Structure formats: C-alpha cells, structure tokens
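Hydrogens, waters and symmetry mates are skipped; everything else that's a heavy atom, side chains included, is used. Bear in mind the structure is a predicted one, so any value in this text is a computation, not a measurement.
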Amino acid sequence: MIFEQVKLHNFGIYQGEHTVDLNVMDHSKPIVLFGGLNGGGKTTFLDSLQLALYGKNAKCSNRGKLSYSDYLKQAVNRYSESKFASVALSFRHTQRTETKRYEVIRSWETLANKEITDKVQVLVNGELDSLLTDNWNDFVSEFIPQSMSELFFFDGEKVEDLADPARSAQLLKTGIEALLGLELFTQLSKDLNSQKRRRQERNLDSSATKKVDELKQRKDLLDKNLLTIEENIQKVLDDENALAAQLKDIEIQMQTSGASLLDDLNDIQLDRRAIASKLEAVDHNLIKLAAGAMPLAIAQNLLKETKQQALLEDEIIGFDNAQKHIKANNDKLLKRLKALATNDMIEQVNNLLNSIWKESENSLSQDKYLGTNPVIFNFAESAIESDKSESTELLRQKKELRETLALLDKKLDAIPDSESVKDQIETKGRIEASIAHSKTTLDSLMEEMALCKAQINENEARLDATLIQKNAEDFEGKRNEQVAEHLVEMKGIVDAFKAQLIKENIATLEKRIKSKFDSLERKSELVAKVKINPTTFNLTLLGLDGLTLDTKRLSAGERQLLSVAILWALAEASGKEIPTIIDTPMGRLDGKHRTKLVENYFPEAAGQVILLSTDEEITGQYYKKLKPSVAKEYHISYEETAKTSTITEGYFGESE
C-alpha cells in the first residue's frame, strides 16, 4: 500500500483547500519529509490520515473524551465562513497481481443544534463503489487493521512509553494476535466454553445450580470491577498525556525565557573558565614566539639581500684564494709554449689569459663588509618559517576560542535571574510531581488489574469444577455429558494450537526485536537477548552476564529505540506493505542515537515512510544523511494573516 494524495478542506488549523502529493515510486527513496514548528499543524495532518481511514474509531490527538459528533464540530476550521469540512486520502493497493487505486472521502457539516454525522464515499479507480462505501468500517481492516495501526502510526516522543513492561506486553499481545489472526481462536475458545457450560448446566441438581448462579454473579461483579479498573487506567493515561502536553508547553516557555538554561549555568561557567584558560595559554605562546625569531619576519627582504651579499663575499674570498694557483698555472702554460710556439702565438695567449683574469677580477670587485658565513641565514630562514607556521595555527586557535567564548557569554547573558522565572520553575515542578503521582497511581491500578484477573481465573476454575458435577443418568444427560466432553477436548485442541502458534512465532519475534535494537543502539553489548513470555507477553531483556536488565535502567533515548525496535519488528513480521507515519521522530534522542535512526531505520522502515519533524530534529548532518532516501519534502507553517497553516514544497528553506 502506498498513500498517494491527501486533501484537506477546512480541517482543523487548515483553512480552505490543501492538497499534498505523497506518492513515492522509487524503492530507494521511500521517505516523504515534512518540517514544521510546534503548533504549526503537523499533528493535525497526521490526525487527518487516521480520521479518513477509521472515522469515529480514529485515535486522534486532541479528541480526548469528546463524543465523535463534538470532535467533528471542533475539527472544522473556526475562521472559515463555510462550516463544511472534509478529509480525503488516496492510496494504491496491490492484491495478488492486481493494483487498484482507492480514494476515501470523509466529509461533514456543522448545523445549529444538530448532532453531526460524517458522510463517507469510497472510490475505486475513480468510480464510486457502493459496497465499500456502505461497509467501509469493515473493509478498512483488510488494508490496515485498526488493532495494528499503532505499529504504523505513532508519535516519536510518546513511543518511549512502550518500553514500560506493562505497555509493551499489551502492544505485543495485540500485535501478535492481530498478525496471527488469533482473535478468531480466542473467540472460538470462548464459544466452545459457553457451549460446554450450557450442556453441563442441564445435568446439575438444584444445589449445584445454586452454586453456579452464585459463581456467575461473582463473575459478573469481577468483570464489572475489571472494566472499572481498565477505565480508570485509561483515564490516568489520558490525564498523563494531558500533563505531558502541559509539560511540553512549559518547557517551550522556559526555553523562550531562558529558564531552561539555569540547570546548565555551572556547566557553562566551567566551560567559559576552561576556554579562557586555553585563550590565555595561546596568548602566552604567541608572546614566546614574539621573543624569538618571529620579529625578523618583518625584515625578510633585508635578510634576503644580506644573505646575497654574504654569498658574494664568500665567492670573492674563494676567488682570492684561487688566484695564486691560477697565476702559477698560467706561468707554467706560457713557459711550455715558449718551447713550442712562436713569440706572436705566446703573446696572443698571454693577452687572452690577462683578459680573462681582468674580467674575473672586475666582476668580483666588491667591498667586503659583512664577513659572515651565509649558512647562518639558512638557520634564520628556517626558524622564521617555523615560527610563522606556528603563529598562524595559534591565531586560528585564538579566533575559534574567542568565538566559543563569545557564544558562552551569549548563553550566560540569556540566562535569566532565578527569581524572574520562579513561577515557570514551580509550575514545571508541580506538573512533574503530578506526572510522578500519575505513574504511581497507574502502577497501583496495574496491580489491582492483575489481582482482579487472578480472582476471575480462580472463579472460572471453581465454576468449571462445579459444572463437572454429573447427576443426570438419563439418555439426555449422558448425551449432554458426552457433548460437553467433546467440547472440552475441542477447546483444549484450540487452546493448545493457539499456544503453540504463539510460541513458534514469539521465538522469531524475539530475534527480530534483538536484531532491530542492535541496528539502532550504538552500545551493541548492552542487550544479549530478548525474551517474551508466551502467556503474559511480558518482554525481558538479558545482559551479557545472563541477568535480567531492567528497562528503567535504560536512558530515555535507549527506551525509545527499544520501542522503535518492537514496532519495527512487529510491522516487518506482519508482512503487510503499509506506510509508516512518525510524528516528532527524534525529539528525545542524542546525536548518535539520531544517526542510527537516520541511517538504519527511516530508509528501511517501510516502502513509504512519512516523517513529521520539527526544526530541531532532522537538520544539519542528519538532513544530509537522510536526503538520498527522500522522495518529497514539504514545509508546514502557520500564516497569521491568512489564519491558516499551509503546506509548501521544500524543507525549512531547502528546495528539492
């Protein structure tokens, strides 16, 4: 499945008509990258995809406890004169060898004092399909079952919570049952059990029947109690999400006011002192260079001329020393010529030798006033070049240190007085305390739920034991008994098959999760093995020492990567070609963890990956690493004058 196009009309923060092309054709470029500031409309865009597909069952971000009618009402853009809104999603889907293009159009209109209902239209290859339109809520599970939607639509900042054992167990249970189609086995097992009880109830005496009634009443009470606990858990989770949103808002305010920098004050001051110390050391080294050969660089031309003079004087001295030998050789030559040549020839040779002598003497007729060995100038030139190179490097270091010092001073200037941001700090503290209390309450409710489930199981066992009583000996009683026994046997076969199916697939899933986590986590030695309990679906990490590794010991970034590994493994195991959509993909990760996601996860997560990033996540080196895998880029921004968010091509100023 590939999402091809989204159309928004007066939906949420988007006023008017907005059309976005999401289509990807190149398997090596599966990513559609959206960039936008917080509050600009990224999450609303993600909500539109889920709303188009699932309608009233969509898990939209800001719905909370609103009824579907109220949610649709508040989802209409408040600045639009028209009160009509719609979301439309086009996608192509291949079954066997046939590819079809689907378009789901969901629209609604707010009318005074009337409950709002949405209208759904489904087009196949451009033509309205009445069957799909009337039964879309049933058909959508064939494309993306809602029980599996969390594997493909998720918030990067909230995904960390899935590393919690209780939540990961629920996700794994839901994912495994959805992947293997175990919901049918579970329902079949319940139906067989119900049939068995009906058959057994017919053979009970009055005493046993009364006991059965009591156990059934207790079962109803326990089921209601369990439902209440689950509702309370959901309420705590909703409150926790609301508190998380408030915490995010106050953190943004603290970033704007500089209050968030107060925690870094000591570190910044220590860094500044260290940089100032380094700068002082560089200045000291520059002074040492100035006391050496470095000042001679000012007179390099003069040194060059002086060296030439010294070389010339050295040549003159050499010539003077050679004169005696040259004179003696010339005299010997003339003496031999007198015995062999005429006087005229001897006179010519003598004149030639005197002429050469005179030319040499004239060319070297320079004053000698240095009396210095030219070699010392080679040493001076070498020393000057060395000092120049060292001073250039020191000046470069000094420039960088000054820039760093200026940046640290700027940070120090941005840090406000603690009294001026006291209210923000106290507000953040209260919210964090509320979140901690919420987590404590959630743990308590989880324990209550486990206890209630144990009581339900105990009551079920007692009920089964009571129903086994047999006191009917007539033909009908025996027949009921035989049928009940067969039903018990069939239920055992179904349950055993289900358990074996889970066990076989869990082994593969454990390896997938470990493999995915290794490819994302830079500390490859952190986790040696991943184990999943086939009954409770609790996930356990084992270290290299073979001991259990508590997920609470992992950093926030490591828990997020573990959660991503779980989602990735489940999505891959599903075998379904479904796009993966991630909001705020790298909000809580450090640089090295981000690099792992960019290099190893995003390009491989699915055949189409839609990323909704802030300006602080996929940027700089991460953007450059991701760019070869990006098919399309968009920028989501809010225009104050037009009172609408817009989606334009290009990513934070980058053009495709």
Side-chain angles (χ1 to χ4, degrees), residues 255 258 260-314 370-415 522-524 555 557 586 589-600 615-628 651-655:
Q255 287 177 355
S260 59
L261 297 175
L262 278 172
D263 292 338
D264 301 329
L265 178 59
N266 290 335
D267 291 339
I268 295 173
Q269 289 175 337
L270 286 174
D271 290 345
R272 192 192 186 286
R273 284 196 288 270
I275 296 298
S277 177
K278 290 181 181 179
L279 191 58
E280 185 179 348
V282 170
D283 285 337
H284 178 71
N285 289 334
L286 285 171
I287 291 172
K288 284 177 63 179
L289 286 176
M294 188 64 194
L296 294 176
I298 300 174
Q300 272 191 299
N301 290 334
L302 180 59
L303 280 173
K304 184 176 181 182
E305 292 175 2
T306 306
K307 180 180 178 182
Q308 293 299 323
Q309 179 63 29
L311 289 170
L312 183 58
E313 289 182 6
D314 191 56
L370 290 180
T372 302
N373 191 334
V375 174
I376 66 172
F377 292 97
N378 294 336
F379 173 76
E381 288 174 347
S382 176
I384 290 170
E385 288 301 319
S386 176
D387 286 0
K388 282 175 65 178
S389 176
E390 187 175 352
S391 66
T392 300
E393 175 61 21
L394 287 172
L395 289 171
R396 183 192 67 77
Q397 293 178 15
K398 184 174 182 178
K399 181 182 177 183
E400 290 183 356
L401 290 170
R402 279 182 170 175
E403 290 175 352
T404 303
L405 196 63
L407 179 61
L408 291 173
D409 286 338
K410 185 177 179 181
K411 287 185 177 180
L412 287 172
D413 292 340
I415 297 176
R522 66 180 187 273
K523 300 176 185 175
S524 58
S555 67
M586 305 195 302
L589 296 177
D590 60 26
K592 291 185 178 179
H593 284 136
R594 291 185 174 193
T595 299
K596 290 290 187 179
L597 281 184
V598 168
E599 292 180 345
N600 299 339
D615 60 335
E616 295 180 354
E617 296 178 87
I618 301 176
T619 183
Q621 60 171 321
Y622 308 115
Y623 172 79
K624 292 179 181 177
K625 289 178 181 290
L626 193 65
K627 178 69 174 174
Y651 179 75
F652 286 116
E654 299 283 347
S655 59

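With sequence neighbours left out, R396 forms a side-chain hydrogen bond (donor to acceptor under 3.5 Å, both in side chains) with E393, E400. Residues forming a side-chain hydrogen bond (donor to acceptor under 3.5 Å, both in side chains) with D409 (at least two apart in sequence, or on another chain): R272. Residues passing the side chain to side chain contact (heavy atoms under 4.5 Å, CB included) test with T404 are I275, L408, sequence neighbours excluded. Applying the salt bridge (Lys or Arg N to Asp or Glu O under 4.0 Å) rule to K625 yields the partners E599; only residues at least two apart in sequence or on another chain are considered.
In this structure, T392 contributes its side chain and K388 its backbone to a donor-acceptor pair below 3.5 Å. Formation of a donor-acceptor pair under 3.5 Å by the Y651 side chain with backbone atoms of Y623 is not found in this model.
Closest approach of Y622 to V598, counting heavy atoms only: O-CG1, 3.7 Å.
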For residues 278-286, run the donor-acceptor check on the side chains, cut-off 3.5 Å, and write out each pair with its distance to 0.1 Å, sequence neighbours left out.
from, atom 1, to, atom 2, distance (Å)
D283, OD1, K398, NZ, 2.9
N285, ND2, A281, O, 3.4

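With values rounded to the nearest 0.5 angstrom, L626 atom CG is found 12.0 Å from Q621 atom CD. Taken from CG in L395 to CZ in R402, the straight-line distance is 9.0 Å, to the nearest 0.5 Å. Atom CG of residue L405 and atom CD of residue E403 lie 11.0 Å apart, to the nearest 0.5 angstrom.
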